[in-house]
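Have a look at the structure below, then the notes.
In what follows, every chain begins at residue 1, and chains take the letters A, B, ... in the order their sequences are listed.
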2 protein chains.
Amino acid sequence: MNRSPTIRDVAKRAGVAVSTASLALNGKPYVSRETRFRVLQAAEELGYHPHSLAKNLADGRTRNLGLITPISLEHLFASAGFFSRLIRGMHRAAAEHGYNLSLHIAESEEEAVTRVRAAIRGRSVDGLIITNPTVTCPYLKDLKRHRIPFVFIGRPLEEATYVDNDNVEVSRIGVRHLIECGHRRIAFLNGPAHFTFCVDRLVGYRAALAEAGLPYEEDLVWQSDLTEGAAYQVVWELAPKHEFTALFAGSDVQAVGAIRALQARGVRVPQDVAVVCVNNTDLTSHFIPSLTAVDLHEYWLGYWAVKRLVQTIDGERTEHPVLIPGELVERESCGCPSQDQQRRG
Amino acid sequence: MNRSPTIRDVAKRAGVAVSTASLALNGKPYVSRETRFRVLQAAEELGYHPHSLAKNLADGRTRNLGLITPISLEHLFASAGFFSRLIRGMHRAAAEHGYNLSLHIAESEEEAVTRVRAAIRGRSVDGLIITNPTVTCPYLKDLKRHRIPFVFIGRPLEEATYVDNDNVEVSRIGVRHLIECGHRRIAFLNGPAHFTFCVDRLVGYRAALAEAGLPYEEDLVWQSDLTEGAAYQVVWELAPKHEFTALFAGSDVQAVGAIRALQARGVRVPQDVAVVCVNNTDLTSHFIPSLTAVDLHEYWLGYWAVKRLVQTIDGERTEHPVLIPGELVERESCGCPSQDQQRRG
DNA sequence: TGCTAGTCTCGAAACGGTTCGATGAACAGG
DNA sequence: CCTGTTCATCGAACCGTTTCGAGACTAGCA
């Protein structure tokens, strides 16, 4: 015979009933020592491995976690690295709990709705992780109606369990570092205010200034899309109109746009203006000058999202969010004396 | 009742047998017009959606495709963006054919073996896509023994169906561009020779020179790991010893290391040395000067890998590989007059 | 000795679909 | 009118597990 052995084959070889074999194989109680041994041995000899689909159908759990990514990723995460680090963290947590990760990528929010529905209808996942909840969250009602466990990555406006960076802290760390370097007039190039993380970061910016007893000047808070070009334009236009010695940028790409604009205006980085940004990426480490950045630890974002989802699946009621702290990675662009020499890497 | 409707509920409501309902719902022949209509209507009214697990168990197909990534991704793909573009392409093709994508990330090759085995044993996938086959390919014998369909991304040494870039063409395109810009002494900073793509690219480099009637000088072919630091060291050391006006780098990160070394030696890019590299990434577009690069179209790499896998699953015998062409993206670093001004982007 | 509680084992019934073989009706050709 | 197809439908078996209820056997205790 060529087909792979089933639990029946194992049971037969061990001379027990199928149900007993099942108990033995799953380490359940009420199986005698010898019986368990015989079953295990038979399984071993036959090269038996349970058929996951059958298992899943029988006990109603799929052991599958779905990742839904609405909105074209290029637009959302400035850098694609975000996505892969996120996924790796998710994967690790999933593996720790015996879950598989399945991907449901959508290019638009409507497509995301479709994918959420399909996942729910087909009962193909035990829970969902959804990145970048927006204001509308059109899938939310489907999720709630079917009571399927889910976790957001990113702070949603609605009440829902989520995992996100502590974005207040993220910008506070960056700005505080500039203050410690002696800067007192620090511009902030933020992202669009409809992202919750941008709102939070403004709070952190103000907090850092307040802590240091520095005044908050609305004129020094700028805003641009997350692209290099948008950042360039904004900085090109606003930089000459204000006095500042440092700039805190909301993303690595925005920082690059800003630096290019400053250089075009004859401003040197970091000598004339120091720069710190959010997102520790390939770009920040390889750029010249290399960029001091706040690392978002996306790996752990993914890791905890899955952890939290598994908790939810297991019925634990845990409403409060998980907030991942950022971490400052010092490089050349902040112009600090303590800049590390990792060029030789 | 709260449980979701099954096909039995549909059958009962439509007044037909379960088997008939199944035929009707799946668009199979031998169902009369009215019967089919009644079944469909009943399904509609009940809000019936087939239970994917049950379906899969019944017909023995999982409709799942597994992606196995051996070897820490950071090491393998210089940039993380590679991974996410690959995945998106895979996802699209999978969606087109009604498959799901499940992730099996391994940090080492041994772990990859474990994951391959687990996937096979649990019958949880219909086929596997494995990135970056190495010389040893330890999972290969498991794959062949169980006759599970699989496709490699990257050219393996063993005989096996794979999808890869046309790496000979990739470097030929890059080098040819430099030649067209008037350069005659072109250095080549390649990656480690144990990667098949590096071997292929050397072939392309030589081909481009030969086509233009330029001599091949072994002294101008350098080699470094795929990191910035390694590239820096090699170029720092070798650059002064040779005469050349252009450099072709095997990756974006290597190009950055090379440029940094050149600049440290007082060589300007692109004025004194023009640079073209492989990998069109965030880094190449945002770097100053922005880097002319050969785009690898990873999206299509992933797309065709899945396409090919599905063909294999469907029993089509298609041994020859799919080769994705590269495409030159012109920017500042090659110093060509036709450089586009996309700064405003 | 009789009763109860606890172990161990078993067969059967799920889980929710697909597929196979049988059955009957309608219809064609001879 | 008989026979052989083709079409439409049905019931039952099956995919490979888990779980449930029941029965048998063993101790422990009055």
| Are more than 12 heavy atoms from other residues, nucleotides or ligands located less than 6.0 Å from atom CD of Glu159(A)? | no

| Do other residues, nucleotides or ligands put more than 12 heavy atoms under 6.0 Å from the CD atom of Glu44(B)? | no

| query | Across the strands shown, which category fits Asn26(A) at heavy-atom distances under 4.0 angstrom: base, sugar-phosphate, nothing? | reply | sugar-phosphate

State which residues pass side-chain hydrogen bond (donor to acceptor under 3.5 Å, both in side chains) with [X]; sequence neighbours excluded, sorted by chain then number.
X: Glu110(A); value: none
X: Arg38(A); value: none
X: Ser124(B); value: none
X: Gln311(B); value: Arg308(B)

| To the nearest 10 degrees, what angle separates the axes at the start and end of the helix from dT1(C)-dA30(D) to dG30(C)-dC1(D), five pairs each? | 50°

| query | Can you list the residues that meet the salt bridge (Lys or Arg N to Asp or Glu O under 4.0 Å) rule with Arg92(A), with sequence neighbours excluded? | reply | Glu96(A)

Starting at [atom1] of [X] and ending at [atom2] of [N], how long is that distance when rounded to a whole Å?
X: Asp9(A); N: dG16(D); atom1: CG; atom2: C1'; answer: 10 Å
X: Lys55(A); N: dC15(D); atom1: NZ; atom2: C1'; answer: 16 Å
X: Ile7(B); N: dC10(D); atom1: CD1; atom2: C1'; answer: 14 Å
X: Arg8(B); N: dA13(D); atom1: CZ; atom2: P; answer: 13 Å

| According to the interplanar angle, ranging from 0 to 90°, do the rings of Phe152(A) and Phe150(A) count as parallel (below 30°), tilted (30 to 60°) or perpendicular (above 60°)? | perpendicular

| query | Using the ring of each side chain (for Trp, its six-membered ring), is Tyr299(A) parallel, tilted or perpendicular to Tyr303(A), with breaks at 30° and 60°? | reply | parallel

| Where along nucleotides 19-26 of chain D does protein come under 4.0 Å, by heavy atom, of base (B) or sugar-phosphate alone (S), with - for untouched nucleotides? | B-------

| task | Verify, without hydrogens or angle tests, whether Asp126(B) (side chain) and Thr62(B) (backbone) share a donor-acceptor contact under 3.5 angstrom. | result | yes

| message | Quick one: does any side-chain atom of His51(A) pair with a main-chain N or O of Leu53(A) as donor and acceptor, under 3.5 Å? | response | yes

| query | 5'-most contact on DNA chain D: Leu57(B) or Pro29(B), nearest heavy atom basis? | reply | Pro29(B)

| field | Closest-nucleotide 5' rank along DNA chain D - winner of Ala17(B) and His51(A) | value | Ala17(B)

| request: Examine dA8(D): is either OP1 or OP2 under 4.0 Å from a nitrogen or oxygen in the side chain of Tyr30(B)? Give yes or no. | output: no

| message | Can you pull out the residues from residues 114-123 of chain B that lie within a 4.0 Å heavy-atom distance of DNA chain C? | response | none

| said: Contact list please: residues 31-38 of chain A against DNA chain C, heavy atoms, distance less than 4.0 Å, in numerical order. | reply: Val31(A), Ser32(A), Thr35(A)

| field | Contact list for residues 46-64 of chain B, test salt bridge (Lys or Arg N to Asp or Glu O under 4.0 Å), sequence neighbours left out | value | Asp59(B)-Arg63(B)

| request: Determine which pairs satisfy salt bridge (Lys or Arg N to Asp or Glu O under 4.0 Å) with at least one residue from residues 130-156 of chain A, sequence neighbours left out, and list them in order. | output: Arg117(A)-Asp142(A), Asp142(A)-Arg145(A), Arg155(A)-Asp200(A)

| query | At their closest point, which heavy atom of Ala119(A) faces which heavy atom of Val125(A), and how far apart are they? | reply | CB-CG2, 4.1 Å

| query | Minimum heavy-atom separation for Leu143(A) to Leu128(A), with atom names? | reply | CD2-CD1, 3.8 Å

| If you walk 5' to 3' along DNA chain C, what is the first nucleotide with an atom under 4.0 Å of a heavy atom in chain B, and what is the last? | dG16(C) to dT19(C)

| Is it true that Glu107(A) and Arg88(B) have a side-chain N and a carboxylate O under 4.0 angstrom from each other? | yes

